[in-house]
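First comes the structure, then the notes that go with it.
Every heavy atom of this structure was used, including side-chain atoms; hydrogens, water molecules and symmetry mates were not. Note that the structure is predicted; figures quoted are calculated from it, not measured.
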Amino acid sequence: MDPNLRFWRTEGQSFFQRFLLWVDVLDPLLLLKSSDEIRRTRLLLQNSGKTLSEPIQNDQTKQAFLLSLSSVHPDTGKIIPVLFRPPAFLPISLPLEYSLQQKQIFCGLGAITYAACIGALPLVFMNRYTSKSSLTQLVIKKLLPAPLFGLMSAFTVVVVRSPEFENGIEVMDSNGKVVGVSQKAGEKAVKETASSRAVLFGTTLFLPAVLMYFVERAKFAKTPHALASVRMFVVTSVLAGMLPVSLSMFPQCGVIKRADLEPEILSSTEETELFYNRGI
């Protein structure tokens, strides 16, 4: 079993454990580590000889695992490009979330045509029903985009990872030995990831909109510049908090019952539970 998955299996069994780990893994300073340092760290972990059930007590070893988790793909063992590493998620997603808060739907989703079209629907309704009450305007203009954007984010995950539905993903026994490739495990992994992504972006769009509504009503910010600063702070805080929460919703080293797998895999092992890499 890959060292990353081995670590998640022993150290990330509960939501709280996973949350604390993701807070450390998402540290942007990890992006500054060189490829040579990452390779040395991986070599250290691969030669550490730790068992699957042994907890990590040494702080230096734990730091090495954090660097590996943030920089290496557990399926291929290759170093992930900097822009696609977990610590880069917040700085890359923040401009998108802020642009959506500023109602720049087409700008924020320019790379995804269907998302831009669906995301603009609340604004179309808003322009048509401008004479409605302030509550109606709040729902259409502020609250409705959140579930739509959450659904679009989930759909994007399903589309991008559709080969896992068709081809399946590897499943392993408790010793890390690959016993087969399962479409059902792939379907479970994609559904879990899509759900977490919907919660992340849906909540991050919903909460700032609600909070800023009350800020504007209370006239807490006196000038447009102050209001923009408050909005940026709120969006950043919610996204920074929701990112580790959403990633912690499901285990990275997923578990699937043997009875739920395909017949050809059932004949390959007698273990009641098998493991797979959920992905992010």
Side-chain angles (χ1 to χ4, degrees), residues 15-16 18-31 83 85-112 115-116 118-127 130 132-154 156-157 194-249 280:
F15 172 85
F16 186 67
R18 294 192 295 270
F19 176 81
L20 294 179
L21 285 174
W22 273 117
V23 170
D24 291 333
V25 171
L26 294 171
D27 183 0
L29 294 178
L30 293 173
L31 296 173
L83 293 179
R85 295 177 191 173
F89 199 87
L90 177 60
I92 289 177
S93 300
L94 185 58
L96 171 61
E97 287 290 340
Y98 186 71
S99 69
L100 289 174
Q101 293 292 333
Q102 293 291 84
K103 310 178 190 66
Q104 297 173 358
I105 300 296
F106 286 96
C107 176
L109 302 177
I112 310 174
I118 298 178
L121 287 178
L123 298 183
V124 173
F125 288 129
M126 185 63 206
N127 292 332
T130 53
K132 297 296 182 180
S133 66
S134 59
L135 179 60
T136 303
Q137 294 182 16
L138 172 65
V139 172
I140 296 177
K141 194 174 183 180
K142 298 290 187 179
L143 304 185
L144 187 58
L148 288 176
F149 191 52
L151 290 174
M152 289 183 294
S153 300
T156 301
V157 172
S195 298
S196 66
R197 199 66 55 83
V199 170
L200 170 62
F201 287 109
T203 305
T204 307
L205 198 62
F206 174 78
L207 283 182
V210 174
L211 293 174
M212 289 308 301
Y213 172 78
F214 290 107
V215 169
E216 294 172 2
R217 287 285 301 270
K219 298 182 180 179
F220 177 77
K222 303 297 183 181
T223 66
H225 179 72
L227 186 63
S229 299
V230 172
R231 179 180 289 109
M232 189 65 181
F233 173 77
V234 170
V235 173
T236 303
S237 300
V238 173
L239 181 59
M242 282 304 303
L243 185 53
V245 168
S246 65
L247 292 173
S248 305
M249 289 175 58
I280 57 174

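Minimum heavy-atom separation, Phe19 to Val245: CE1-CG2, 3.7 Å. Residues Glu216 and Arg231 share a closest heavy-atom pair of OE2-NH2, 3.3 Å.
A 4.5 Å side-chain heavy-atom check between Pro244 and Leu26 finds at least one atom pair inside the cut-off.
Taken from CG in Leu205 to CG in Leu148, the straight-line distance is 9.5 Å, to the nearest 0.5 Å. Summarising the geometry, atom CE belonging to Met232 is positioned 13.5 Å from atom CG belonging to Leu227; distances are rounded to the nearest 0.5 Å. With values rounded to the nearest 0.5 angstrom, Leu207 atom CG is found 11.5 Å from Leu239 atom CG. To the nearest 0.5 angstrom, Leu243 atom CG is 6.0 Å from Leu200 atom CG. Rounding to the nearest 0.5 Å gives a distance of 4.0 Å between CE of Met242 and OG1 of Thr203. Going from atom OG1 of Thr156 over to atom CZ of Arg197 covers 8.5 Å, rounded to the nearest 0.5 Å.
The side-chain contact (heavy atoms from CB on, under 4.5 Å) check on Asp24 picks up Leu66, with sequence neighbours excluded. A search for side-chain contact (heavy atoms from CB on, under 4.5 Å) contacts involving Leu31 returns Val82, Arg85, Pro87, Ala88, not counting sequence neighbours. Applying the side-chain contact (heavy atoms from CB on, under 4.5 Å) rule to Ala194 yields the partners Ala154, Val157, Val158; only residues at least two apart in sequence or on another chain are considered.
With a 6.0 Å radius and a threshold of 12 heavy atoms from other residues, nucleotides or ligands, Phe233 has its CZ atom at or below the threshold.
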- Message: Working note: Met212 + Val234, criterion side-chain contact (heavy atoms from CB on, under 4.5 Å); need CA distance, chi angles, decisive distance, verdict.
- Response: CA-CA 8 Å; Met212 289 308 301; Val234 170; 4.1 Å; yes
- Kindly determine whether Phe206 and Leu211 satisfy side-chain contact (heavy atoms from CB on, under 4.5 Å), including the steps that lead there. CA-CA 9 Å; Phe206 174 78; Leu211 293 174; over 6 Å; no
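Using cut-offs of 30° and 60° for the angle between ring planes, the Phe89 and Phe201 rings count as tilted.
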